[in-house]
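The next block holds one structure in the form of structure tokens; read it before the comments.
We name chains A, B, ... by the order of the sequence lines, and we start the count at 1 in each one.
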Amino acid sequence: MRIERARGTRDFLPAEMRKRRIMEERMRDIAEKWGYEEIRTPTFERSELFTLKSGEGILKEMYEFEDKGGRHLALRPELTAPVIRMYVNELKMAPKPTKVYYFDNCFRYEEPQRARYREFWHFGAEIIGSNRPEAQAEIIALTFHILSSLGIKAEAELHVGHVGLIREVLRAANVGEDEINKVMRLIDKGEREEVVEFMREMGAKEELTDDLIYLIDLKGKEALKEVRDRKIIASDSDALKELEMLLEILDYYDVVYTLNLGIARGLDYYTGMVFEIYEVGGKLGAQNQICGGGSYRLAALFGGDDTPSTGFAFGFDRLAEIFTPETKELRRSEVVVVPIKEKNADQDVIKEAIKIASKLREFFTTHIDVMSRSLSAQLSYANSIHASFAVFVGKNEMKEGKVTLRNLDTGEQEKMGVDECVERVKACFEDE
RNA sequence: GCCGGGGUGUGGUAGAGGCAUCCCUUGGGACUGUGGAUCCCAAGACCUGGGUUCGAAUCCCAGCCCCGGCCCCA
């Protein structure tokens, strides 16, 4: 019986895996250079961890189950909550800011489609313990540098917003928190008419609705000045001051952004700055968001002190669909050791070949025949895996204490000692 | 959860009621110390289950899976 993969999951073949490792290494490298340290949380958690903070949306999509002890568990649908849970449980006393990053798989029961899977990978980071725009700017700048390390900066568009502004406007007009959350969700969906409709139902003044719509539609650098000029927001507004400072610091980082106050990010726990990054080259179809993040307060929800944090998560698989490594990085430099057995297959040749292969493996990826193939079949194999060199080990070579090194690209070959062989191959691989 | 379009060896395909085609791939051989050519041999497929029919890869129904879209998200 043939067993198929579970729906929405993928097998990663060697070539794909190689590409993903290259990406992963680059992303890690940047995060480490910025002083973030890697952490890992469990693949599954108690269900409450996720149900506590997220709305019905996430709930429907969760892989939830009961273990043999009757505990309610869930495969993690995202990583922010587990990371903050870990912080509250284990890292509360760590120096602030606490800076961590992660690269792990997440699970959501959704209909698979382009760039959307049921098992997918998030690469993300959190800076915990600072409510300053400096910390927010750092997080955004970090995503920007990660993108540029992958060479996909040009195809990405960064939108920065702030949920505080809109919340302040509504609060100032005495709109209740529940209603505010509802409005935020409508805004996030981009349902302009429904926002207007909902405001009318609430009995909001037309003026307020106009201001709100005006805010949502603001884009570009001059927007904040207009907000001040039109006195939509109190001039001593904390959110406004914070956002202005954030944008200024982003300029210091040379980060290119679009101000977009229409970003609301459905989840209620975002408290301030929010941002999203989209792929604009059209490679991702309908799922063009590659990164999301913002400032939030979750620690208190999990029993810790109220702690401001800012973080982001990249959709790694979506990045992988955009990312193209240089062909040079994908090429493997390999050597095949070819024992040449005489008719009566004496083991000395094999023994010597294994020794030589071991020596070569100190430096290169080296293969040796394990199928007892003929000489020509071994060479044929070397060719089909695109090896660069073959090293022949036979009676004649053994007599002289040498090997025959054959360059498989040029066909040139020469007898030489093992040490010289190593040097030759090394020199050749270094050129690449 | 909803809506389209699809499923033939590893991959790519032809076949539109009766012998399943070709290419690539993989293993072996011709070739016993020099690869990519050629030739030969071998392996390997009609998504699953029902129905119609003398007979189904082909027609019908359901399911599963894949591709894309809606919703939501990364």
Suppose we screen for side chain to side chain donor-acceptor pair (under 3.5 Å). Which residues come up paired with K92(A), at least two apart in sequence or across chains? none
Quick check on the 6.0 Å ring-centre criterion: do F103(A) and F316(A) meet it? yes
Atom P, compared across rU53(B) and rU58(B): separation rounded to whole Å: 16 Å
Tell which nucleotide pairs with rU48(B), taking only Watson-Crick or G-U wobble pairs whose two distances are both under 3.5 angstrom. rA62(B)
Side chain E397(A) and base rG33(B) donor-acceptor under 3.5 Å: yes
Rounding to the closest angstrom, what is the interatomic distance between rC22(B) and rG29(B) at atom P? 25 Å
For the side-chain contact (heavy atoms from CB on, under 4.5 Å) test, which of I263(A), I140(A), N260(A) pairs with V160(A)? I140(A)
Can you tell me the Watson-Crick or wobble partner of rG1(B), both distances under 3.5 angstrom? rC70(B)
Which whole-number value in Å describes the distance from F275(A) CZ to rA74(B) P? 11 Å
What is the distance, rounded to the nearest whole Å, between atom OH of Y381(A) and atom C1' of rU34(B)? 18 Å
Assigned glycosidic conformation for rA16(B) [threshold 90° from 0]: syn
Atom CE of M371(A) and atom P of rU26(B) are separated, to the nearest Å, by 11 Å
Taking only the P atom of each, what is the distance from rG4(B) to rA62(B) in whole angstrom? 12 Å
Could you give the CD-to-P distance, from E412(A) to rU34(B), as a whole number of Å? 19 Å
Whole-Å distance separating the CD1 atom of I385(A) from the P atom of rG35(B): 17 Å
All N/O pairs under 3.5 Å across the protein-nucleotides 65-70 of chain B interface:
from	atom 1	to	atom 2	distance (Å)
rC66(B)	OP1	G8(A)	N	3.4
rC66(B)	OP2	R7(A)	NH1	2.3
rG68(B)	OP2	R114(A)	N	3.0
rG69(B)	OP1	A286(A)	N	2.9
rC70(B)	N4	Q113(A)	NE2	3.4

Is the terminal nitrogen or CZ of R10(A) (NZ for Lys, CZ for Arg) located under 6.0 angstrom from the six-membered ring centre of Y117(A) and within 45° of that ring's axis? yes
Give F392(A) one of three labels, base, sugar-phosphate or nothing, depending on what nucleic acid heavy atoms sit under 4.0 Å from its own. base
Could you verify whether a donor N or O on one side chain and an acceptor N or O on the other, from T404(A) and E397(A), lie under 3.5 Å apart? yes
Ignoring hydrogens and angles, answer whether the base of rA74(B) and the side-chain atoms of E110(A) contain a donor-acceptor pair closer than 3.5 Å. yes
Looking at every strand, decide which applies to G411(A) at a 4.0 Å heavy-atom threshold: base, sugar-phosphate, or nothing. base
Hunt down the Watson-Crick or G-U wobble partner of rG33(B), both distances under 3.5 Å, from any strand shown, or write none. none
Using a heavy-atom cut-off of 4.0 Å across all strands, would you classify N396(A) as base, sugar-phosphate, or nothing? base
With distance as the sole criterion, do the side chain of Q413(A) and the base of rU34(B) form a donor-acceptor contact below 3.5 Å? yes
Reckon L408(A) touches a base, only the sugar-phosphate, or nothing at all at heavy-atom distances under 4.0 Å? base
Could you walk me through whether L250(A) and Y252(A) pass the side chain to side chain contact (heavy atoms under 4.5 Å, CB included) check? CA-CA 5 Å; L250(A) 285 182; Y252(A) 303 160; over 6 Å; no
Expressed in angstrom and rounded to an integer, what is the separation of L375(A) atom CG from rA30(B) atom C1'? 16 Å
With a cut-off of under 6.0 Å to the ring centre and 45° to the axis, is R118(A) in cation-pi contact with Y109(A)? yes
Is there a Watson-Crick or G-U wobble partner for rU13(B) with both distances under 3.5 Å, and if so, which one is it? none
Between rC31(B) and rG36(B), how many Å separate the two C1' atoms, rounded to a whole number? 16 Å
Among the candidates rC72(B), rA74(B), rG35(B), find the nucleotide nearest to the side-chain atoms of E61(A). rC72(B)
Looking across every strand, which nucleic acid part, if any, lies under 4.0 Å from R373(A) by heavy atom: base, sugar-phosphate, or nothing? sugar-phosphate
Y278(A) versus E155(A), side-chain donor and acceptor atoms under 3.5 Å: no
Test side chain to side chain contact (heavy atoms under 4.5 Å, CB included) on L375(A) and F392(A); report intermediate values, then the result. CA-CA 9 Å; L375(A) 172 59; F392(A) 296 107; 3.6 Å; yes
Hey, which of these two, Y109(A) or L379(A), hits RNA chain B nearer its 5' end, going by closest nucleotide? Y109(A)
Side chains of S372(A) and K341(A): any donor to acceptor distance under 3.5 Å? yes
Could you say whether T410(A) or S384(A) is positioned toward the 5' end of RNA chain B, judged by the nucleotide with the nearest heavy atom to each? S384(A)
When both distances are under 3.5 Å in a Watson-Crick or G-U wobble arrangement, the nucleotide paired with rA56(B) is none
Rounded to whole angstrom units, what separation is found between the CG atom of N288(A) and the P atom of rC72(B)? 14 Å
So what does I290(A) hit on the nucleic acid, given a heavy-atom distance under 4.0 Å: a base, only sugar-phosphate, or nothing? sugar-phosphate
Taking a pair as Watson-Crick or G-U wobble with both distances under 3.5 Å, which nucleotide is matched to rA43(B)? rU25(B)
Rounded to the nearest Å, what distance is computed from the CG atom of residue L75(A) to the C1' atom of nucleotide rA74(B)? 17 Å
